[in-house]
Amino acid sequence: MILDCAIIGGGPAGLTAGLYTTRGGLENVVMFEKGMPGGQITNSSEIENYPGVTGEITGMDLMIPWPAQCQKFGLVHEMKNVTCVSKSGDIFTIHTEDGETTEAHSVIIGTGSSPRRVGFTGEDELFGKGVSTCATCDGFFYKGKEVVVIGGGDTALEEALYLAKICSKVYIVHRRDTFRSAPNTIKRIENTENIELVLDSTPDEVYGDNMGVTGIRVIHKDGESRDIEVPGVFTFVGNDVNSETLMQVDGKFLCEMNELGQVKVDLTMRTSVPGLFATGDMRQDAPKQVVSAAGDGAVAALSAISYVDELLN
Ligand code: FAD
Ligand code: NAP
């Protein structure tokens with residue numbers, strides 16, 4: 001059987017694409033998601049900018065109903081890691097880690113992005129032993145203790161606010177003296193008593209013993225170094241696009257990418273390859289928001305429906 005549409009990734013973009021393709025009449029739509037559906041927002045301790053959702057809710061709370069809504073219209077979720085998407089003639093082949101292949105007339109890809117490493121000494125060695133990229137997952141381990149947050153974007157500041165409610169003190173280490181976060185979030189940071197800003201400073205080395213992290217050394221732009229004795233270091237310095245599945249055996253990408261490694265799309269989420277649509281954080285100029293990723297998923301689904309209709313009729 002050839003699927004009408006294969007969706008790769010089950011974040012806000014993939015799930016919305018699943019809702020619109022199935023509800024819009026495509027038959028045999030499978031969403032390949034290697035983990036639990038929901039995407040990276042499920043790691044967020046708070047979301048306050050999804051329209052119509054008020055009150056304090058976590059990213060997980062937001063995403064829990066989405067898969068069931070899609071399944072109601074016939075979306076099938078296969079918990080598989082896609083290793084490659086290729087195309088021969090009009091048919092796409094989805095290769096999965098278990099060695100199986102699935103064919104599809106169209107593909108909507110929304111594999112999102114992954115947290116970037118900062119690059120200081122000890123970061124890799126102590127990852128999971130005090131160095132973390134997820135406050136909701138690991139924050140509780142540091143209840144009543146001091147922690148360091150690295151970064152100056154929306155994620156770093158929002159997660160610092162979350163940690164400040166659990167931990168006795170949060171140091172935010174940022175390489176500049178201004179933040180790139182939303183003004184309202186910066187105001188909340190400034191009004192939180194147990195947050196100390198360590199500005200114009202970069203992490204140099206995280207160190208520890210066999211129990212895990214015991215501290216981090218940061219260097220001020222003037223060259224002065226400072227040791228902050230903490231058991232936990234949270235890094236939030238941006239994300240890299242997950243585009244490996246588009247890499248072909250000849251070492252080239254299936255479709256055109258921009259210089260930042262993001263998939264080039266037009267306003268209907270079409271890529272340079274007919275029948276392949278890219279959505280959410282992985283596409284060029286993505287606003288990197290749940291609402292825009294969901295919007296992309298809907299747009300891509302409508303485009304895929306037209307494409308499959310024209311291809312098969
Ligand atoms: P993702 O959410 O990254 O989903 C991609 C999915 O694809 C994942 O589930 C992944 O497992 C799957 N996948 C990847 N590769 C494969 C593969 N090879 N095979 C199978 N499956 C695969 N946005 C907001 O609007 N408001 C916020 O308050 C907000 N807070 C955030 C807080 C944090 C901590 C983070 C990290 C992000 C936050 N964002 C927020 C951004 C938002 O989460 C993203 O913009 C959004 O999730 C992007 O959706 P997506 O579907 O494109 O990708
Ligand atoms: P980001 O906006 O790219 O910010 C990354 C931060 O890390 C920046 O402050 C950057 O410093 C710093 N940084 C990067 N590399 C570093 C290094 N090697 N050493 C030290 N510091 C480093 O990433 P993000 O905060 O994860 O946000 C990603 C996207 O998701 C953004 O578009 C954001 O708006 C969105 N998002 C939105 C919300 C929301 O709407 N509420 C919440 C979370 C995320 P510089 O500032 O000096 O570059």
Side-chain angles (χ1 to χ4, degrees), residues 6-17 31-51 53 57-59 62-63 66-67 77-85 94-97 108-120 123 133-137 149-159 161-162 172-182 184-185 199-204 218 234-247 278-283 285-297 300:
I7 297 168
I8 323 294
L15 284 163
T16 309
M31 181 183 79
F32 294 89
E33 163 56 59
K34 63 182 174 184
M36 292 303 289
Q40 54 180 295
I41 193 65
T42 56
N43 289 325
S44 173
S45 46
E46 188 185 347
I47 176 156
E48 58 174 16
N49 57 3
Y50 195 78
V53 177
I57 69 159
T58 65
L62 178 74
M63 298 311 296
W66 293 37
H77 168 210
E78 288 211 18
M79 199 186 274
K80 287 187 175 184
N81 184 17
V82 174
T83 51
C84 181
V85 177
I94 320 306
H95 306 257
T96 47
E97 206 172 34
I108 298 175
I109 183 158
T111 44
S113 55
S114 303
R116 205 174 280 153
R117 294 286 163 100
V118 188
F120 50 80
E123 184 179 21
T133 55
C134 181
T136 18
C137 320
V149 162
I150 294 162
D154 278 313
T155 304
L157 268 53
E158 287 180 8
E159 297 313 294
L161 287 168
Y162 171 79
I172 300 179
V173 175
H174 178 40
R175 63 185 177 184
R176 295 186 296 125
D177 65 352
T178 52
F179 294 111
R180 59 172 73 238
S181 181
N184 181 42
T185 310
L199 301 177
D200 289 323
S201 300
T202 47
D204 177 47
V218 301
F234 290 85
T235 62
F236 304 107
V237 296
N239 295 282
D240 290 317
V241 166
N242 298 325
S243 55
E244 316 79 55
T245 53
L246 294 172
M247 180 63 77
T279 56
D281 278 14
M282 71 174 323
R283 60 108 166 149
D285 302 325
K288 299 200 173 100
Q289 296 289 291
V290 175
V291 69
S292 54
D296 284 3

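In listed order, ligands and their atoms are each counted from 1.
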Is [X] reaching over with its side chain to a backbone N or O of [Y], donor-acceptor style, under 3.5 angstrom?
X: Arg116; Y: Asn239; answer: yes
X: Asp177; Y: Asp200; answer: no
X: Ser114; Y: Val241; answer: no
X: Thr111; Y: Gly9; answer: no
X: Thr83; Y: His95; answer: yes
X: Ser44; Y: Thr42; answer: no
X: Glu123; Y: Arg117; answer: no

Within-cut-off N or O pair, [X] and ligand 1, under 3.5 Å:
X: Lys34; answer: yes
X: Gln289; answer: yes
X: Asp281; answer: yes
X: Ala293; answer: no

Tell me which protein heavy atom sits closest to [atom], plus the residue, atom name and distance to 0.1 Å.
atom: atom 51 (O) of ligand 1; value: Ala13 N, 3.0 Å
atom: atom 41 (N) of ligand 2; value: Glu158 OE2, 2.6 Å
atom: atom 5 (C) of ligand 1; value: Gly110 O, 3.4 Å
atom: atom 24 (P) of ligand 2; value: Thr155 OG1, 3.3 Å
atom: atom 17 (C) of ligand 1; value: Asn81 OD1, 3.4 Å
atom: atom 34 (C) of ligand 1; value: Thr155 CG2, 3.5 Å
atom: atom 7 (O) of ligand 2; value: Val237 CA, 3.2 Å
atom: atom 8 (C) of ligand 1; value: Glu33 OE1, 3.4 Å
atom: atom 38 (C) of ligand 2; value: Asp154 CB, 3.6 Å
atom: atom 37 (C) of ligand 2; value: Gln289 NE2, 3.0 Å
atom: atom 17 (C) of ligand 2; value: Arg175 NH1, 3.5 Å
atom: atom 14 (C) of ligand 1; value: Thr111 O, 3.4 Å
atom: atom 31 (C) of ligand 2; value: Lys288 CB, 4.4 Å
atom: atom 7 (O) of ligand 1; value: Gly9 CA, 3.3 Å
atom: atom 42 (C) of ligand 1; value: Val290 CG2, 3.9 Å
atom: atom 2 (O) of ligand 2; value: Arg180 CD, 3.5 Å

Enumerated ligand 2 atoms positioned under 4.0 Å from heavy atoms of [X]:
X: Val118; answer: 17 (C), 18 (N), 19 (N)
X: Asn49; answer: 39 (C), 40 (O), 41 (N)
X: Asn239; answer: 26 (O)

Should [X] be listed as contacting ligand 1, given a heavy-atom distance under 4.0 Å as the test?
X: Met36; result: no
X: Gly10; result: yes
X: Lys80; result: yes

A side-chain contact here means heavy atoms from C-beta on lying under 4.5 Å apart; do [X] and [Y] qualify?
X: Phe179; Y: His174; result: yes
X: Thr235; Y: Pro115; result: no
X: Glu159; Y: Val149; result: no
X: Leu15; Y: Met63; result: yes
X: Ile109; Y: Leu246; result: yes
X: Thr16; Y: Trp66; result: yes

Would you say ligand 2 has an N or O under 3.5 Å from any N or O of Pro203? no
Below 4.0 Å, non-hydrogen atoms only: which portion of [X] touches ligand 2? Side chain, backbone, both or neither.
X: Phe179; result: neither
X: Ile47; result: neither
X: Thr202; result: neither
X: Arg116; result: neither

Applying the side chain to side chain contact (heavy atoms under 4.5 Å, CB included) test to Ile7, which of Glu78, Glu33, Met31, His77 qualifies? Met31
Heavy-atom pair of closest approach, residues [X] and [Y]:
X: Ser45; Y: Thr58; result: O-CG2, 3.4 Å
X: Phe236; Y: Thr155; result: CD2-CG2, 3.6 Å
X: Ile172; Y: Gly151; result: CG2-O, 3.6 Å
X: Val218; Y: Pro203; result: CG1-CA, 4.0 Å
X: Gln289; Y: Asp281; result: N-OD1, 4.3 Å

Among [options], which one has a heavy atom closest to [atom]?
atom: atom 47 (O) of ligand 2; options: Arg176, Glu46, Arg117; result: Arg176
atom: atom 53 (O) of ligand 1; options: Gly112, Ser45, Ala17; result: Gly112
atom: atom 18 (N) of ligand 1; options: Ile8, Leu15, Val82; result: Val82
atom: atom 35 (C) of ligand 1; options: Glu48, Met63, Gln40, Glu244; result: Gln40

Just let me know how [X] lines up against ligand 1, side chain, backbone, both or neither, with a heavy-atom cut-off below 4.0 Å.
X: Cys134; answer: neither
X: Ile41; answer: both
X: Asn239; answer: neither
X: Met282; answer: neither

Under 4.0 Å to a heavy atom of Thr245 - the qualifying atoms of ligand 1, by number: 18 (N)
Is it true that, when you exclude Met36 itself, more than 12 heavy atoms of the residues, nucleotides or ligands shown sit nearer than 6.0 Å to its CE? no
Given side chain to side chain donor-acceptor pair (under 3.5 Å), test Ser181 with Asp154 step by step and report yes or no. CA-CA 4 Å; Ser181 181; Asp154 278 313; 2.9 Å; yes
